[in-house]
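It should be emphasised that the depicted structure is a prediction, and the values quoted were computed from it without experimental measurement.
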Amino acid sequence: SMTDVEVFRHLARTTHQVLRLNTAGITHEESLLQPAPAGNCLNWVVGHVQHVNEQLLLLLGQPAVLGVEAVQRYERGSEPLRDGADAVDFDTLLGAWDEAARRMDAGLAALTPERLAAPAPVTGFGDSTAEMLAFTMFHQAYHTGQAGVLRRLLGKERAIP
């Protein structure tokens, strides 16, 4: 059976691949189109999951890719992107997503059972580091699913048959 670390690595890799499928062929301009009647555009969704990655990389002892400040605009609860003036270029976000996936895998691979059992370094997402990681994996997958719906709202074919 898989160890906890192997499960987390598998989940992170799968989420990375699915988000890339869901964003394939989408331009920066398309990424800024707001869904009606409400919700966030694809640029915000990808920026948001990258904002989480930037923080998680630091907790895993890996360097951030863009830096938390560069994607602060995408913090949970932030206003939807209305005109794109403060949006990060979509290709930049996707490139950061790719690099974060590589660094995330290395950070997860280095986790020990003791570190997973240790108290979570951030409160509100579980008591242990393992619980925090499980919540984070769910969060990233949740928004990756949103990316699939937003892809379809842009008139694109589904990415996953």
Side-chain angles (χ1 to χ4, degrees), residues 1-36 38-60 62-68 70-78 80-81 84 87-111 116 122 125-126 129-161:
S1 71
M2 296 174 76
T3 67
D4 290 343
V5 168
E6 290 167 335
V7 170
F8 290 136
R9 291 176 75 193
H10 177 74
L11 290 170
R13 287 184 199 129
T14 302
T15 301
H16 171 259
Q17 292 168 348
V18 171
L19 185 77
R20 285 307 262 150
L21 289 170
N22 283 335
T23 57
I26 294 175
T27 67
H28 177 69
E29 291 73 26
E30 289 172 322
S31 82
L32 294 171
L33 296 175
Q34 290 291 335
N40 284 305
C41 64
L42 190 53
N43 185 286
W44 189 92
V45 170
V46 173
H48 178 63
V49 293
Q50 185 57 32
H51 180 262
V52 170
N53 276 350
E54 297 290 336
Q55 297 172 80
L56 186 57
L57 286 169
L58 298 175
L59 293 174
L60 292 173
Q62 296 292 311
V65 179
L66 298 174
V68 175
V71 286
Q72 195 67 39
R73 169 65 181 88
Y74 302 95
E75 184 174 31
R76 182 180 188 275
S78 63
L81 291 169
V88 175
D89 178 74
F90 198 55
D91 286 335
T92 300
L93 288 173
L94 294 173
W97 176 257
D98 291 341
E99 181 57 30
R102 287 186 280 281
R103 295 178 190 186
M104 187 84 59
D105 192 59
L108 291 170
L111 290 173
L116 287 171
V122 178
F125 303 103
T129 298
E131 289 175 358
M132 181 200 72
L133 286 171
F135 177 84
T136 303
M137 296 299 161
F138 162 76
H139 174 270
Q140 302 300 72
Y142 174 86
H143 287 298
T144 294
Q146 283 184 324
V149 172
L150 291 167
R151 174 185 184 79
R152 297 305 302 273
L153 290 175
L154 290 172
K156 306 286 185 182
E157 291 293 320
R158 67 182 181 180
I160 300 172

Side chains of Leu59 and Met132 in contact at under 4.5 Å (non-hydrogen atoms): yes
Interatomic spacing from CG in Leu21 to CD in Gln17 - rounded to 0.5 Å: 7.5 Å
Side chain proximity check, Asn53 to Val71, heavy atoms < 4.5 angstrom: no
Minimum side-chain heavy-atom gap Ile26-Arg151 below 4.5 Å: yes
Whether Arg103 side chain and Pro63 backbone form a donor-acceptor pair below 3.5 Å: yes
Steps toward side-chain contact (heavy atoms from CB on, under 4.5 Å) verdict (Leu66, Thr92): CA-CA 9 Å; Leu66 298 174; Thr92 300; 4.1 Å; yes
Result of checking Leu150, Asn40, Leu154, Leu42 against Pro35 for side-chain contact (heavy atoms from CB on, under 4.5 Å): Leu150
Where Gly39 and Pro80 come nearest, the two heavy atoms and their spacing: O-CB, 4.3 Å
Distance, nearest 0.5 Å, that separates CG of Leu133 from CG of Leu116: 6.5 Å
Gln146 side, atom CD; Tyr142 side, atom OH - distance, nearest 0.5 Å: 4.5 Å
Within 6.0 angstrom of Arg13 CZ, more than 12 heavy atoms from elsewhere: yes
Side chain to side chain, Arg152 and Arg158, heavy atoms closer than 4.5 Å: yes
Side-chain touch Leu94/Arg20, heavy atoms, less than 4.5 angstrom: yes
Within-4.5 Å side-chain heavy-atom neighbours: Thr14 and Thr144: no
Distance-minimising heavy-atom pair for Ala12 and Leu108: CB-CD1, 4.0 Å
Glu54 and His51: CA distance, side-chain angles, deciding distance, side-chain hydrogen bond (donor to acceptor under 3.5 Å, both in side chains) verdict: CA-CA 5 Å; Glu54 297 290 336; His51 180 262; over 6 Å; no
Note, Thr136 side chain near Met104 side chain (heavy atom, < 4.5 Å): no
Closest non-hydrogen atom pair, Leu81 against Cys41: CD1-SG, 3.8 Å
Nearest-0.5 Å distance, CD of residue Gln55 to CD of residue Glu75: 7.5 Å
Salt-bridge contact Glu99-Arg102 (side-chain N to carboxylate O under 4.0 Å): yes
Ring geometry between His16 and Trp97 (parallel below 30°, tilted from 30 to 60°, perpendicular above 60°): parallel
Nearest-0.5 Å distance, CD of residue Glu29 to CG of residue Asn43: 10.5 Å
Minimum-distance pair of heavy atoms, taken over all atoms of Ser78 and Trp44: OG-NE1, 2.8 Å
Minimum side-chain heavy-atom gap Val65-Gln50 below 4.5 Å: yes
Residue pair Phe90 / Val46: nearest heavy atoms and the distance that separates them: CE1-CG2, 3.8 Å
Contact summary for Leu19 and Ala147, nearest pair of heavy atoms: CD1-CB, 3.6 Å
From CD (Gln140) to CZ (Phe138), nearest 0.5 Å: 11.0 Å
Tyr74 backbone acceptor or donor facing His48 side chain under 3.5 Å: yes
